[in-house]
Amino acid sequence: GLSELLFHELTHQRLYLSGDTDFNEALATAVGREGARRWLRASGRSAMLATYEKELRVEKEFIAIALQSREELRDVYARTYRSSDNERAAKAAALDRLRRRLNALDRRYGGSLKIEKWFEKPVNNARLNTLATYYELVPGFEALLKKHHGDLELFFAEVKSMRALTKEHRAERLHALARTATVD
């Protein structure tokens with residue numbers, strides 16, 4: 001909601017790395033979510049917090065499904081050797097599986113996700129890549145915040161130290177943090 005957006009935008013003002021949109025957006029998304037949670041908790045809005053957490057779980061499932069389809073499309077492109085008929089058929093099958101998975105997700109949540117609306121724009125590798133790059137780094141930032149027991153000053157100090165890394169090394173570091181968090 002609005003509180004997440006405010007924390008998101010304030011994060012951009014606090015720390016922004018020129019030339020690394022994925023890093024900036026993932027950082028702002030992670031901090032925006034944490035800020036929204038804290039605000040809802042502090043203001044005694046437990047029902048709204050529960051709804052918000054559910055929305056985040058649904059979003060996470062949606063993204064996992066989209067990323068799975070992105071991998072399937074990568075496989076299609078790698079193995080069809082640009083045979084247009086084979087590639088078109090395999091791509092159509094992968095997108096059909098994506099639609100079925102997302103419709104199943106929608107049914108699990110009572111049909112309120114408006115999945116068909118998402119399919120109104122063309123779904124292709126570029127769109128799935130954009131979605132992926134925006135969200136793939138978020139778990140690393142969430143793991144880092146957890147590592148610092150929610151202390152935002154320590155969190156931002158470590159995030160700031162990543163400035164010295166290349167874009168690729170920052171992404172590797174965040175992926176490693178996310179992997180470590182899922183093992184714990």
Note to self: Regarding D85 and R88, does a basic nitrogen lie under 4.0 Å from an acidic carboxylate oxygen?
What the structure shows: yes

Item checked: L67 side chain reached by E136 side chain, heavy atoms, under 4.5 Å -> yes

Check: Do any N or O atoms from the side chain of N24 and from the backbone of D20 form a donor-acceptor pair under 3.5 angstrom?
Finding: yes

Note to self: Rounded to the nearest 0.5 Å, what separates atom CG in D106 from atom CG in L113?
What the structure shows: 4.0 Å

Check: Does any pair with a residue in residues 26-35 pass salt bridge (Lys or Arg N to Asp or Glu O under 4.0 Å), and if so which ones, sequence neighbours excluded?
Finding: R33-E59, R33-E142, E34-R37, E34-R38

Next item on the list: Begin from the C-alpha positions of E71 and Q68 and carry the test side chain to side chain contact (heavy atoms under 4.5 Å, CB included) through to its verdict.
Entry: CA-CA 5 Å; E71 291 308 311; Q68 179 183 4; 5.9 Å; no

Item checked: Value rounded to 0.5 Å, distance of CG in L165 from CZ in R173 -> 8.0 Å

Next item on the list: Scan side-chain atoms only and decide if E25 and H12 contain a donor-acceptor pair under the 3.5 Å cut-off.
Entry: yes

Note to self: Assigning hydrophobic clusters by single linkage (Ile, Leu, Val, Met, Phe, Trp, Tyr; side-chain heavy-atom cutoff under 4.5 Å), is L49 placed with L56?
What the structure shows: yes

Next item on the list: Decide yes or no for M162 and L144: does some side-chain heavy atom of the first lie under 4.5 Å from some side-chain heavy atom of the second?
Entry: yes

Check: Within a strict 4.5 Å, meaning less than it, do heavy atoms of the E9 and L5 side chains meet?
Finding: yes

Notebook entry, point to check: Would the F23 and F141 ring centres measure less than 6.0 Å apart?
Noted result: yes

Next item on the list: Show the numbers, then the answer: is there a side chain to side chain contact (heavy atoms under 4.5 Å, CB included) between L102 and F119?
Entry: CA-CA 10 Å; L102 290 177; F119 280 98; 3.8 Å; yes

Notebook entry, point to check: Quick one: does NZ or CZ of R127 land under 6.0 Å from the six-membered ring centre of W118, within 45 degrees of the ring axis?
Noted result: yes

Checklist line | Contacts of E61 that satisfy salt bridge (charged side-chain N to carboxylate O under 4.0 Å, His left out) - sequence neighbours left out | finding: R108

Margin query: Aromatic contact between W39 and F7, with the criterion being ring centroids under 6.0 Å apart: yes or no?
Written below: no

Item checked: Distance in Å, K91 NZ paired with N86 CG, rounded so as to fall on 0.5 Å steps -> 14.5 Å

Margin query: So does R99 get a backbone contact from the side chain of N103, meaning a donor-acceptor N/O pair under 3.5 Å?
Written below: yes

Next item on the list: Rounded to the nearest 0.5 Å, what's the gap from CZ on R70 to CG on N129? Could you check?
Entry: 5.0 Å

Checklist line | Shared hydrophobic cluster for L40 and V31 (ILVMFWY, side-chain gaps under 4.5 Å) | finding: no

Notebook entry, point to check: Hey, does S46 have a side-chain heavy atom less than 4.5 Å from the side chain of R41?
Noted result: no

Check: Closest heavy-atom contact between A178 and G140?
Finding: CB-N, 3.8 Å

Notebook entry, point to check: Under 4.5 Å between any side-chain heavy atoms of H149 and L154, yes or no?
Noted result: no

Notebook entry, point to check: Under a 4.5 Å cut-off applied to non-hydrogen side-chain atoms, are L137 and H175 in contact?
Noted result: yes

Next item on the list: Assess whether salt bridge (Lys or Arg N to Asp or Glu O under 4.0 Å) is satisfied between R14 and E153, documenting all intermediate values.
Entry: CA-CA 11 Å; R14 177 159 184 183; E153 291 310 313; 2.9 Å; yes

Check: Quick one: CG on L177 to CG on L145, what's the gap to the nearest 0.5 Å?
Finding: 11.5 Å

Checklist line | L152 with L6, same ILVMFWY side-chain cluster at under 4.5 Å | finding: no

Note to self: I need the minimum non-hydrogen distance between A36 and S3, along with the two atoms involved.
What the structure shows: CB-OG, 3.5 Å

Checklist line | OG1-NZ distance between T180 and K146, expressed to the nearest 0.5 angstrom | finding: 11.5 Å

Next item on the list: Could you please spell out the steps behind the side chain to side chain contact (heavy atoms under 4.5 Å, CB included) verdict for R163 and L17?
Entry: CA-CA 7 Å; R163 275 187 167 153; L17 301 184; 3.1 Å; yes

Checklist line | Minimum heavy-atom distance between E158 and S161, given as atom pair plus value | finding: O-OG, 2.6 Å

Check: Linking I/L/V/M/F/W/Y whenever their side-chain heavy atoms sit closer than 4.5 Å, directly or via other members, would L128 and Y77 fall into one cluster?
Finding: yes

Note to self: Using every non-hydrogen atom in the two residues, find where A28 and T11 come nearest and quote the distance to one decimal.
What the structure shows: CA-CG2, 3.8 Å

Notebook entry, point to check: Side chains of E87 and S84: closer than 4.5 Å at any heavy-atom pair?
Noted result: no

Margin query: Using side chain to side chain contact (heavy atoms under 4.5 Å, CB included), reason through E4 and Y52 one step at a time and then give a plain yes or no.
Written below: CA-CA 10 Å; E4 181 181 335; Y52 180 68; 2.6 Å; yes

Item checked: Heavy-atom closest contact (L73 atom, A94 atom, distance) -> CD2-CB, 3.8 Å

